[in-house]
Amino acid sequence: MSDSSPARSAVPVLDVWCELQCPDCHTALDDLRALRARYGDRLELRLRHFPLEKHKHSFAAAQAAEEAVAQGQGWPYAEAVLARVAELDRKGEPFLVEVARELGLDAEEFDTALIDGRHILIVDADQAEGKAIGVTGTPTYVIGGERLDGGKSQEGLRERVERIADRLLAEAGD
């Protein structure tokens, strides 16, 4: 494979510890969209799973989000589910397949993935890593080694993420 572009420095990573049945993560959607719009591919936003026991469909939703990643539509799927948290509360797993169908994804494959559990290890690994670094609720952001907890308050969080991202980009000589 030939790559004629000059060596690119690694872009900063923003890990977003999220739970797709979480009202606070629903509230954070606007911030996530704004960050994606502002930075584009200069900042890698990674959806990390932290399903909470109090939300009975959150573990299935995390698995479904991973199936969406496998089908190339991770963020659009996560955003679509987060935008309709109340519907997920009411409808459960059939809603996850319904959203996949609405986005033009292979809904049958979503249904199968939820049954065969092919993405459980990824979700479990994310949750274990989150616990290890002190994530206790969602949304929690980790960028440049700093953990920002949006579960308590999202006031000013996007601005703090932007300050850190701008600093990291400046250090990388972007």
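Owing to the predicted nature of the structure, the values given are computational and were not obtained by experimental measurement. Residue indices begin at 1 and follow the sequence shown.
Side-chain atoms of R46 and V13, non-hydrogen and from C-beta on, do get closer than 4.5 Å to each other. Residues T138 and D24 fail the side-chain proximity criterion, which asks for heavy atoms closer than 4.5 Å.
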Take W17 and E129 through the test side chain to side chain contact (heavy atoms under 4.5 Å, CB included) and record every step on the way to the result.
CA-CA 10 Å; W17 298 88; E129 185 181 333; 3.9 Å; yes

Between R163 and D166, does a side chain to side chain contact (heavy atoms under 4.5 Å, CB included) hold up when you go through it step by step?
CA-CA 5 Å; R163 275 198 304 276; D166 289 344; 5.9 Å; no

Report the C-alpha distance between E162 and L35 in whole Å, list the side-chain angles of each, state the deciding distance to 0.1 Å, and finish with yes or no for side chain to side chain contact (heavy atoms under 4.5 Å, CB included).
CA-CA 8 Å; E162 288 172 347; L35 288 166; 3.7 Å; yes

Given L169 and R42, is the side chain to side chain contact (heavy atoms under 4.5 Å, CB included) satisfied, shown in steps?
CA-CA 8 Å; L169 286 166; R42 295 183 310 130; 3.6 Å; yes

Check against salt bridge (Lys or Arg N to Asp or Glu O under 4.0 Å), E109 and R118:
CA-CA 11 Å; E109 203 57 37; R118 67 183 73 159; 2.6 Å; yes

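Applying the salt bridge (charged side-chain N to carboxylate O under 4.0 Å, His left out) definition to pairs two or more places apart or across chains, those involving residues 75-84 are R33-E79, R36-E79, R84-E87, R84-E98, R84-E102.
Between D15 atom CG and L45 atom CG the span is 9.0 Å, to the nearest 0.5 Å. Here the CG atom belonging to D111 is positioned 10.0 Å from the CG atom belonging to D116, to the nearest 0.5 angstrom. The OH atom of Y39 lies 10.0 Å from the CG atom of L14; values are rounded to the nearest 0.5 Å. To the nearest 0.5 Å, atom CG of residue L88 and atom NE2 of residue H26 are 12.5 Å apart. The distance from atom SG of C25 to atom CG of L20, rounded to the nearest 0.5 Å, is 7.5 Å.
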Can you list, pair by pair, the side-chain donor-acceptor contacts under 3.5 Å of residues 59-74, counting residues two or more places apart and other chains?
unit_1	atom_1	unit_2	atom_2	d
E66	OE2	H49	NE2	2.8
E67	OE1	H119	NE2	2.7
E67	OE2	Q71	NE2	2.9
Q71	OE1	D106	N	2.8
Q71	NE2	D106	O	3.4

Side-chain donor-acceptor pairs under 3.5 Å in residues 140-147, sequence neighbours left out?
unit_1	atom_1	unit_2	atom_2	d
T140	OG1	G137	O	2.7
R147	NH1	I133	O	2.7

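In terms of hydrophobic clustering, with Ile, Leu, Val, Met, Phe, Trp and Tyr side chains grouped at heavy-atom distances under 4.5 Å, L157 and L43 are assigned to a common cluster. If you chain together hydrophobic residues whose side chains sit under 4.5 Å apart, L103 and W75 never meet in one group. L114 is not connected to V123 by any chain of hydrophobic side-chain contacts under 4.5 Å among Ile, Leu, Val, Met, Phe, Trp and Tyr, and they are in different clusters.
Across all non-hydrogen atoms, the minimal contact from L82 to C22 is CD2-O, 4.2 Å. The nearest pair of heavy atoms linking L29 to A83 is CD1-N, 3.7 Å. Nearest heavy-atom pair, A107 versus R101, reported as atom, atom and distance to 0.1 Å: CB-NH2, 3.6 Å. Residues Q127 and P51 come closest through the heavy atom pair NE2-O, 2.6 Å. Nearest approach of F50 to V135, heavy atoms of both residues: CZ-O, 3.3 Å. Of all heavy-atom pairs spanning T136 and L52, the tightest one is O-CD2, 4.3 Å.
Heavy-atom contacts from other residues, nucleotides or ligands closer than 6.0 Å to CD of E159 number more than 12. Atom CZ of R160 sits in a sparse spot, with 12 or fewer heavy atoms from other residues, nucleotides or ligands closer than 6.0 Å.
Residues E19 and H55 have side chains that bring a donor and an acceptor to within less than 3.5 angstrom of each other.
Aromatic ring orientation, F110 versus Y77: tilted (interplanar angle from 30° to 60°).
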